[in-house]
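Heavy atoms only: backbone and side chains are in, while hydrogens, waters and symmetry mates are out. For ligands, and for the atoms within them, numbers begin at 1 and follow the listed sequence.
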Amino acid sequence: MKKVLVTGGTGYIGSHTVVALIEKGYQVVIADNLYNSNEGVLNAIAGITGVRPAFEQVDLADEAACMALFRKHADIEAVIHFAAYKSVNESVSKPLDYYRNNLNSLMWVLRGMEAVGCKRIVFSSSCTVYGQPDVLPVKETMPYQEATCPYGNTKRIAEEILKDVVRADRDKHEGRSELKVLLLRYFNPIGAHESALIGELPNGVPNNLMPFITQTAAGIRECLSVFGSDYDTPDGTPQRDYIHVCDLADAHVCAMEYMASDDFSGWDAFNVGCGRPYGVLDVIRSFEKMSGVKLPYKICGRRAGDIEKIWGDVEKANRKLGWRAKRGLDEMTLSAWRWQQHLQEKA
Ligand code: NAD
């Protein structure tokens with residue numbers, strides 16, 4: 001059985017990906033320090049799949065701990081590296097924490113892979129590397145734009161680190177890198193598994209739209225603020241490319257299969273989104289329709305750092321990875337609501 005190390009595997013996207021991998025017959029080892037997740041996720045994964053994945057509680061930004069992890073699981077065939085801090089706002093006030101955690105963990109994971117001869121890694125990148133693109137939908141060939149926050153910068157720098165490592169490997173192996181690096185640039189993942197057993201865990205006041213919507217509908221927040229109604233978009237609110245987290249999880253399985261083929265060598269990047277834009281009011285309307293709950297919301301001024309609009313050209317992922325998003329906005333908002341209701345029942 002193909003053994004995969006999933007770092008950050010108890011987190012939001014990681015847990016959904018672990019489910020998708022197990023369902024495809026992969027043997028999964030999760031490494032997570034539980035900074036933004038908890039061990040209860042392992043029971044939920046077992047509840048969905050019937051398999052409880054192996055779990056190692058380890059801080060990957062700690063060199064010795066990370067190397068020990070790789071020595072223990074020296075037979076892994078690939079790594080999917082989710083582990084990172086992800087809050088845009090927090091990264092502005094704590095830049096060094098973000099650089100330390102997100103970049104050191106990547107470097108020690110790469111060192112660990114080198115030590116045990118593991119040659120494949122999928123890295124969680126983000127559409128933040130594009131900034132506000134001039135041309136939409138944005139293609140993978142678009143040059144990086146200056147990041148608006150340290151978090152975005154960690155993704156850009158991580159991509160550069162991975163490119164350099166592939167370049168060095170290529171030089172060592174007569175022009176064909178043995179190391180395979182596949183970057184998935186996520187757009188805006190929302191929603192939850194249909195079982196409502198796993199989803200995005202709330203951590204303080206949410207910065208992102210979907211958890212704010214579901215918490216407002218549940219009465220945890222008083223009112224939803226819509227930041228900006230004067231953007232150059234159809235409804236005046238910012239537009240994003242929302243993707244169901246289960247579709248995103250499936251993209252990782254496709255990435256694993258693609259990397260295992262001889263067609264792929266070296267480094268490549270793929271947009272993973274639905275390839276179409278939605279405004280904030282579209283999401284609110286879909287949520288109200290699917291949940292039957294009327295949302296209290298108010299229109300406020302623009303929020304600093306928000307870009308106006310972005311959506312991805314996903315043709316490359318469709319063609320090369322054989323992957324396509326299957327779930328629409330209504331399915332995303334309904335599953336997010338069911339997850340919120342599950343959290344309320346548990347509380
Ligand atoms: P998450 O916070 O739910 O999951 C990340 C997991 O990594 C958590 O369980 C956390 O405990 C763990 N972790 C963090 N630092 C660690 C360390 N040093 N050692 C071990 N474990 C560590 O986040 P998510 O939404 O699932 O995001 C996963 C990845 O996708 C991240 O790299 C994130 O930057 C990227 N991403 C997320 C989004 C999004 O909107 N959620 C968008 C684009 C990219």
Please step through ring pair (Phe, Tyr, Trp, His ring centres under 6.0 Å) for the pair F82 and F123, ending with a clear verdict. CA-CA 7 Å; F82 292 104; F123 177 74; 9.7 Å; no

If you measure from each heavy atom of D59 to ligand 1, is any distance below 4.0 Å?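 Judged by the 4.0 Å heavy-atom criterion, D59 does count as contacting ligand 1.
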
Geometric N/O contact [X] with ligand 1, under 3.5 angstrom:
X	answer
Y85	no
F187	no
K86	yes
A83	no
N208	no
K155	yes

Identity and distance of the protein heavy atom lying nearest [atom]:
atom	result
atom 10 (C) of ligand 1	D32 OD1, 3.4 Å
atom 19 (N) of ligand 1	L60 N, 3.0 Å
atom 27 (O) of ligand 1	I13 CD1, 3.7 Å
atom 17 (C) of ligand 1	N33 ND2, 3.4 Å
atom 2 (O) of ligand 1	N36 ND2, 2.7 Å

Establish, from distance only, whether the side-chain atoms of [X] and [Y] form a donor-acceptor pair under 3.5 Å.
X	Y	answer
Q344	Q340	yes
Y151	N102	no
Y144	E160	no
Y186	D241	no

Go through ligand 1 atom by atom and flag the ones less than 4.0 Å from a non-hydrogen atom of [X].
X	answer
S124	29 (C), 30 (O), 32 (O), 35 (C)
A61	18 (N)
L34	11 (O)
S125	43 (C), 44 (C)
V58	19 (N), 20 (C)
G11	3 (O), 4 (O), 9 (O)
S126	43 (C), 44 (C)
G8	6 (C), 7 (O)

Can you tell which of V51, T10, V28, I30 makes a side chain to side chain contact (heavy atoms under 4.5 Å, CB included) with I45?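 The side chain to side chain contact (heavy atoms under 4.5 Å, CB included) with I45 is passed solely by I30 among V51, T10, V28, I30.
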
Side chain to side chain contact (heavy atoms under 4.5 Å, CB included) with Y242: of D282, I190, T333, only one passes, and it is I190

Look at the aromatic rings of Y12 and H16 and report parallel, tilted or perpendicular, splitting at 30° and 60°. perpendicular

Out of [options], who gets a non-hydrogen atom closest to [atom]?
atom	options	value
atom 36 (N) of ligand 1	Y151, F82, Y12	Y151
atom 5 (C) of ligand 1	A84, G152, S37	A84
atom 43 (C) of ligand 1	F123, Y186, Y35	Y186
atom 40 (O) of ligand 1	G14, S87, P189	P189

Identify the two heavy atoms, one from D250 and one from A20, that lie closest to each other, and give their separation to 0.1 Å.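 That closest heavy-atom pairing would be OD1-CB, 3.9 Å.
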
Of all heavy-atom pairs between H193 and C246, which one has the smallest distance, and what is that distance?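 Taking every non-hydrogen atom into account, CA-SG, 3.8 Å.
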
NZ or CZ of R240 within 45° of Y278 ring axis and under 6.0 Å: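 Checked: cation-pi criterion not met.
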
Scan W337, F212, Y297 and name whichever one has a ring pair (Phe, Tyr, Trp, His ring centres under 6.0 Å) with F287. W337

Which segment of E200 sits under 4.0 Å of ligand 1 when only heavy atoms are counted: neither

Quick one: look at N101 and ligand 1, take heavy-atom pairs under 4.0 Å, and tell me if it's side chain, backbone, both or neither. side chain

Just jot down the ring-ring contact (aromatic ring centres under 6.0 Å, His included) partners of F264, sequence neighbours excluded, or say none.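 With neighbours one apart ignored, the set is Y258.
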
Distance (rounded to the nearest 0.5 Å) between R338 CZ and L197 CG: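 Rounded to the nearest 0.5 Å, the CZ-CG separation comes to 12.5 Å.
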
Could you check whether F187 and W311 have their ring centres less than 6.0 Å apart?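 That pair fails the under 6.0 Å test.
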
